[in-house]
Amino acid sequence: MDLLKDLNTQQKQAITADLGPVLVLAGPGSGKTRVLTHRVAHLIDQLGVRPYHLMAVTFTNKASKEMGERVARLIGRQTHGLTLGTFHATCARILRMEAEHLPVNSNYVIFDADDQIKVVKQVIKDQNLDDKRYRPQDIHGSISAAKNELYLPEDFPIGTYRDEVVVRIYEDYQKMLLASNAMDFDDLLLWMAILLKDNPVIREKYARRFEHILVDEFQDTNMAQYTLLKYLASYHHNIFVVGDADQSIYRWRGADYRNVMRFRRDFPQAQVILLEQNYRSTQTILDVAMSVIDHNTNRTPKRLFTERGTGQRILIKELYDEREQAQYIVDTIVKQVASKQANPGDFAVMYRTNAQSRLLEEAFLSANIPYKLVGAQRFYGRREIKDIVAYLRLVFNIDDEIGLMRVIKTPPRGIGIKTYAQLRAQAQKANISPGALLLDLAKEEESEHFSQFTSRSAKPLSRFGRLLAKWQTERDTLPPVEIMEHILEDIDYRNYIEDGGEEGKDRWDNVMELRRLASEYQTIGLQQFLEDVALVSDQDTLDKDAEAPTLLTLHAAKGLEFAKVFIVGVNDGVIPHKRSFEDPEAMEEERRLFYVGITRAKDCLYLSHVLNRYVYGNTEYGEPSRYYSDIPADLKEDAQQNYQQQRKSQIFRPWQKKSAPAAKSKPIEAQYKPGMSVEHPKWGNGLILGSKIQDDDEIVNIFFKDVGAKKVIASLANLEIIRK
DNA sequence: ATGGACAATGTTTTT
DNA sequence: CATTGTCCAT
């Protein structure tokens with residue numbers, strides 16, 4: 001197969017670039033994924049590099065999987081031995097192999113965001129600190145930021161008294177993690193960097209092994225990642241990175257787009273290749289994107305161009321509130337699908353915050369339209385899933401104190417806070433983990449610790465210890481799914497969560513879904529299952545084949561593309577988010593985020609904002625986003641005017657209700673029935689979808705051929721019934 | 001020890 | 001408003 005078929009000059013240049021450091025600056029839609037996969041294929045196929053000597057890092061597991069498949073297709077065989085994955089997953093794997101050089105053993109578990117907060121809370125409690133003054137979330141943020149900058153507690157730059165407190169918490173936090181034989185997300189990178197830094201033998205081993213290193217989304221690497229890349233590339237210097245500083249959207253997570261500049265400085269001999277031609281969007285969409293991003297300072301201006309033609313203008317729409325906005329989205333999709341202009345899967349709806357998905361989901365649900373929601377948190381964040389995963393984690397690693405804290409009280413088994421405190425204290429005295437002590441207590445009188453407990457607490461503890469011990473003996477012999485089944489049975493979990501009701505049933509369904517997932521790990525094993533569960537990313541849950549609109553955050557949209565994109569809530573304070581207002585750097589990132597969203601669209605872009613936003617229950621007036629004024633008038637369709645004309649017939653306007661002439665002859669019954677045809681003075685013929693009585697007037701939902709579904713007030717709209 | 005009722009409190013983005 | 005924590009009765 002000709003690897004260079006259908007590629008432009010720059011792409012070919014990148015793929016066949018000489019060895020040594022290469023920096024590919026790739027605009028959105030410029031085929032960077034193609035360049036990466038072809039480069040890997042080129043190295044293996046043309047230069048005879050063994051996959052074992054290759055490392056490719058992507059941003060999501062999904063991207064890795066796709067890359068593996070595409071490379072295999074290109075070279076016509078499997079790529080065994082290739083190191084391919086996210087930074088976190090790749091580090092997790094290597095650290096497990098090198099555990100003897102680390103303060104954990106190879107059975108370590110990975111603490112998720114919740115676990116991390118729980119550890120901070122525990123430490124704050126143990127140190128008798130005020131959790132109002134030192135909010136666990138904030139403290140954890142500081143610790144995480146420090147780790148991303150490769151600061152251990154002793155390196156932490158202290159400026160204020162608060163910093164001193166943070167350092168003390170950081171120290172104990174780290175102790176608690178290690179005592180639990182656990183790492184958090186940041187540790188995976190941190191320990192990897194430390195391992196390579198402090199251990200020349202190991203460093204050399206991996207630096208020699210990875211003859212070629214390829215990195216996707218390089219603009220979103222943080223200091224820890226950058227540093228470990230430098231160590232890994234220190235022998236062969238064949239590091240091929242692809243990125244776009246304009247798409248850097250993870251600053252708050254320690255990512256630093258300046259790593260792109262740093263790369264040029266640290267590898268002055270690097271070849272720099274620019275990919276500017278866009279194969280995704282219409283020129284109009286690219287022009288809109290550029291008009292937005294051009295306002296950022298500190299960037300190399302890029303000229304995005306396409307051969308796809310001008311395309312249609314983007315559409316800006318103002319809606320009364322978020323409910324109406326959701327309805328507008330659904331109506332637009334329904335209309336286009338019904339008229340065969342588009343397939344449901346062509347659409348994506350993007351928003352700034354996860355909370356915004358709620359009303360959208362409701363609208364889709366009530367319109368009976370299936371949709372895809374991107375967000376791992378949706379599934380793995382559920383209580384029942386976390387419960388069962390915690391059990392499995394504890395069985396895998398008995399020292400996992402956070403996991404133990406969770407499972408020891410779910411379901412309740414007569415072990416409360418006090419008993420747990422006793423257990424913890426005794427464990428500390430005996431210098432073992434609480435979990436290990438439980439295993440010992442399983443032996444009852446045989447255990448030297450048994451007598452330390454009052455009989456009321458000793459019994460439940462030993463009973464639970466026996467369960468743990470039993471599951472543990474199965475750990476190395478049975479597949480994960482069977483261990484899980486035994487646990488579910490032994491704790492009668494179904495009975496615990498299914499206390500009648502619809503919700504309990506859903507929960508059990510989720511558990512069954514987890515069981516299905518676990519059953520795929522028959523041969524791969526519990527360790528991999530737990531690792532994958534800990535490191536799933538939101539995008540990983542996206543089912544590309546399902547033919548339905550996709551709902552996702554702007555962040556989750558990175559790297560994806562859709563024919564038709566809605567960006568909702570384009571209000572000032574949302575996009576850009578108000579939390580970024582005072583920080584110029586954060587404001588630039590808001591702009592990049594918007595830019596990322598815009599450039600996901602291939603053909604159509606719909607921006608919408610609302611007049612009234614619900615913020616903590618009460619409504620607030622919403623201003624359109626300041627970004628609108630950056631978009632040249634000839635690129636946008638002025639749906640604004642459109643709105644001005646129709647605003648008289650808009651419903652749900654509290655202030656209008658008062659001034660609207662109360663219809664004397666109250667229509668107590670609806671005049672308009674679904675299925676009727678009517679004529680509207682402005683919008684022409686329409687089909688009645690529904691009608692309801694509200695505030696002494698009839699509100700009619702009509703579907704018009706040209707403008708889609710509209711709700712009008714019967715007494716104001718001058719409707720004429722054409723056909724009953 | 002447990003579970004329910006109320007109060008407080010906080011809302012960006014996620015590997 | 002929706003989640004999370006705290007207090008109180010059993």
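The chains referred to below are lettered A, B, ... by the order of the sequence lines, with proteins before strands, and numbering in each begins at 1.
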### Task
Would you tell me whether A:Ser357 and A:Asn354 have side-chain atoms, one donor and one acceptor, within less than 3.5 Å of each other?
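There is no such pair between these side chains.
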Could you please name the option among [options] that lies closest to any side-chain atom of [X]?
| X | options | answer |
| --- | --- | --- |
| A:Trp252 | B:dA1, B:dT14, B:dT15 | B:dT14 |
| A:Pro412 | B:dT2, B:dA1, B:dG10 | B:dT2 |
| A:Thr553 | B:dG3, B:dT14, C:dG5 | B:dT14 |
| A:Arg135 | B:dA1, C:dA2, B:dG10 | B:dG10 |
| A:Arg358 | C:dA2, B:dT14, B:dT15 | C:dA2 |
| A:Thr353 | B:dT13, B:dT14, B:dA1 | B:dT13 |

#### Entry: Any A:Asn354 side-chain nitrogen or oxygen under 4.0 Å from OP1 or OP2 of B:dT13
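Affirmative; the distance criterion is met.
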### Below 4.0 Å: OP1/OP2 of C:dG5 and any side-chain N or O of A:Lys121
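Yes, within the criterion.
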### Member of A:Glu590, A:Glu589, A:Glu588 meeting the side chain to side chain donor-acceptor pair (under 3.5 Å) criterion with A:Arg592
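Of all the options given, the one that passes is A:Glu589.
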Mind checking [X] for me? I need base, sugar-phosphate or nothing, with any heavy atom below 4.0 Å counting as a touch.
| X | answer |
| --- | --- |
| A:Arg413 | sugar-phosphate |
| A:Leu189 | nothing |
| A:Leu554 | nothing |

#### Entry: Ion pair A:Asp130/A:Arg133, N-O distance below 4.0 Å
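A:Arg133 and A:Asp130: not salt-bridged.
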### Message
Closest-nucleotide mapping onto DNA chain B: is A:Ile249 or A:Lys418 further toward the 5' terminus? I mean the 5' end.
### Response
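Upstream on the strand: A:Lys418.
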### Task
Let me know, please, whether A:His555 or A:Gly414 comes out on the 5' side of the other along DNA chain B by nearest nucleotide.
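So the residue in question is A:Gly414.
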### Task
Check the surroundings of atom CZ in A:Arg463: do more than 12 heavy atoms from other residues, nucleotides or ligands lie under 6.0 Å from it?
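Not more than 12 within 6.0 Å, no.
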